[in-house]
Amino acid sequence: MKRAIFLASLGKGTTSPNPMVGAVILDKDGNLISEGFHYKSGMPHAEAMAFNNLKKDASGGTIYVNLEPCCHHGKTPPCVDKIIAFGIRKVYISIEDPDRRVSGKGIQLLKDAGIKVHKGLCEKESKELNRSFIHRNITNSAFGVLKWAMSMDGRVGLKNGKSKWITSEDSRSLVHSYRAGFDAIVIGGNTLRKDNPFLTSRGLRNPEPLRVVFTKTLDLPAKSNLWDCNLARTLVIYDASTANKMYLKRIPKCVEVAEISSDNPKLISNLLAKKGCNNVLWECGPKLATSAIKAGCIQELMTFIAPKILGGVSSMNPFNDFEFTDMNDVLNLNASEISFIGTDIFVKSNI
Ligand SMILES: NC(=O)c1ccc[n+]([C@@H]2O[C@H](COP(=O)([O-])OP(=O)(O)OC[C@H]3O[C@@H](n4cnc5c(N)ncnc54)[C@H](OP(=O)(O)O)[C@@H]3O)[C@@H](O)[C@H]2O)c1
């Protein structure tokens, strides 16, 4: 199963809206005779790949797969049918598929066919690997990770709004590689106006993640790095209750535009989930970051801390808009990773 999980992880960044799945087949004597993984939506599932790659007869054999095999006709035929047709006698599954079209039905069909099914092997690792896919299926909302860079005194920019560059080149390169693992990257209109970012993985992922700008005003510039559709796709989401639609003229035709009914960031997470994004990296400034946390869009935080002091009462702090008055109300985080990236400190935590 560990091998199946490793194979599954090779699909990181390309399988959405599908999960990452790997499969390993042993013959009736326990010899490894095939393996496969799901690479991309629309392409064969892991089990189908493994059956395509068979070196020997699989009848009487065993298959290990980190997610319950599908039993519905999607873009590809059901994997349960293949497992039965190839004469497999034992199926090891890590976790049930949270997709309501499957959710236990795949396991039942295998059992009905007289196949021995074992569930729960490496469950923790499998849940971790596909946590975004599971989150999207359960909540209809994309799994959100908020990333920000700050100085030792907790500032994300100077009083004049400048924030280039707080952290080192090492940290910024790491951010490029992290981006490659996300389906979309979100910023607010102000960050677009102030920083004019590219928001790409610098070619580490092909196609690049979807770049998303959330704006209440639609007052976005006519020239922007995000309007270069040769680099990556961009989606502008605006709040139809406040935006001035005259500004739509400034946005080039190659950029996708979507309206939502209010400025609730949850509507973005839902919209992106509907578009097939399992996970989203929020790289916004303090205002949108605070709103996104309040709305429940963020499940994990990535903080880069540079050994610098930016100072100033009115310099930006990453969560200006939180105004807790009681220690019982503050956000308590669970740090899961702390490391050095060059001279910067990196902290990953769960909310
Ligand atoms: N150090 C870092 O990690 C980091 C990261 C990102 C940004 N920054 C800095 O942060 C500054 C921008 O900060 P910001 O807080 O204004 O960030 P932002 O990322 O631009 O988010 C705020 C903008 O989002 C839009 N928005 C839509 N709905 C919203 C809602 N419910 N709540 C809040 N905003 C909503 C608005 O755009 P419209 O005004 O277009 O309507 C608003 O101005 C820049 O100076 C940038 O350099 C630093």
Side-chain angles (χ1 to χ4, degrees), residues 144-168 171-172 174-176 178-179 184-199 211-222 224-226 234-248 250-251 255 257-272 280-298 301-306 308-310 312 314-322 341 344-347:
V145 177
L146 175 67
K147 170 246 136 190
W148 75 94
M150 67 179 192
S151 60
M152 221 49 157
D153 55 336
R155 309 294 181 186
V156 295
L158 296 173
K159 187 179 170 187
N160 58 13
K162 293 190 177 162
S163 67
K164 275 184 179 172
W165 300 106
I166 293 175
T167 46
S168 64
S171 294
R172 297 198 312 269
L174 188 66
V175 169
H176 297 153
Y178 279 143
R179 282 179 187 158
I185 300 168
V186 177
I187 57 165
N190 213 16
T191 296
L192 185 151
R193 289 187 291 270
K194 293 239 159 80
D195 295 357
N196 191 20
F198 285 97
L199 298 183
R211 304 176 295 184
V212 180
V213 189
F214 188 27
T215 172
K216 281 156 83 144
T217 59
L218 257 179
D219 187 4
L220 304 176
S224 157
N225 289 324
L226 293 197
T234 299
L235 166 67
V236 172
I237 302 178
Y238 66 91
D239 172 358
S241 69
T242 49
N244 180 349
K245 290 193 191 173
M246 291 290 285
Y247 293 139
L248 283 170
R250 296 185 194 157
I251 301 171
V255 170
V257 176
E259 63 170 47
I260 51 176
S261 57
S262 79
D263 68 351
N264 184 348
K266 192 71 181 173
L267 298 177
I268 303 186
S269 296
N270 295 341
L271 181 80
L272 293 175
V280 173
L281 181 64
W282 295 70
E283 293 202 40
C284 43
K287 282 204 180 96
L288 187 50
T290 312
S291 311
I293 289 186
K294 284 182 181 166
C297 301
I298 308 297
L301 305 172
M302 283 186 192
T303 320
F304 290 86
I305 308 166
K308 288 179 187 154
I309 305 279
L310 266 59
S314 44
S315 289
M316 283 182 295
N317 136 348
F319 299 105
N320 286 342
D321 288 1
F322 274 123
I341 312 296
D344 299 332
I345 299 165
F346 173 69
V347 183

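In this chain, numbering begins with 1 at the start of the sequence shown. Counting starts at 1 for both ligands and their atoms, following the listed order. Quick note: numbers below take in every heavy atom, side chains included, and nothing from hydrogens, waters or symmetry partners.
In this structure, ligand 1 sits under 4.0 Å from heavy atoms belonging to W148, A149, V156, G161, S163, I166, G188, G189, N190, T191, R193, K194, D195, F214, T215, K216, T217, D263, E283, C284, G285, P286, K287, L288, S291, M316.
Screening residues 260-271 for salt bridge (charged side-chain N to carboxylate O under 4.0 Å, His left out) gives K216-D263 as the qualifying pairs, with residues at least two apart or on separate chains.
Heavy-atom minimum distance, I187 versus P197: CD1-CG, 3.9 Å.
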Per-pair distances, 0.1 Å, donor-acceptor, side chain in residues 287-296, under 3.5 Å, sequence neighbours excluded:
residue : atom : partner : partner atom : Å
T290    : OG1  : P286    : O            : 2.7
S291    : OG   : K287    : O            : 3.1
K294    : NZ   : D321    : O            : 3.4

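In this model, no donor atom of one side chain and acceptor atom of the other lie less than 3.5 Å apart for T167 and D344.
Within 6.0 Å of the CZ atom in F322, the count of heavy atoms belonging to other residues, nucleotides or ligands exceeds 12.
Residues satisfying the ring-ring contact (aromatic ring centres under 6.0 Å, His included) criterion with Y247, sequence neighbours excluded, are absent altogether.
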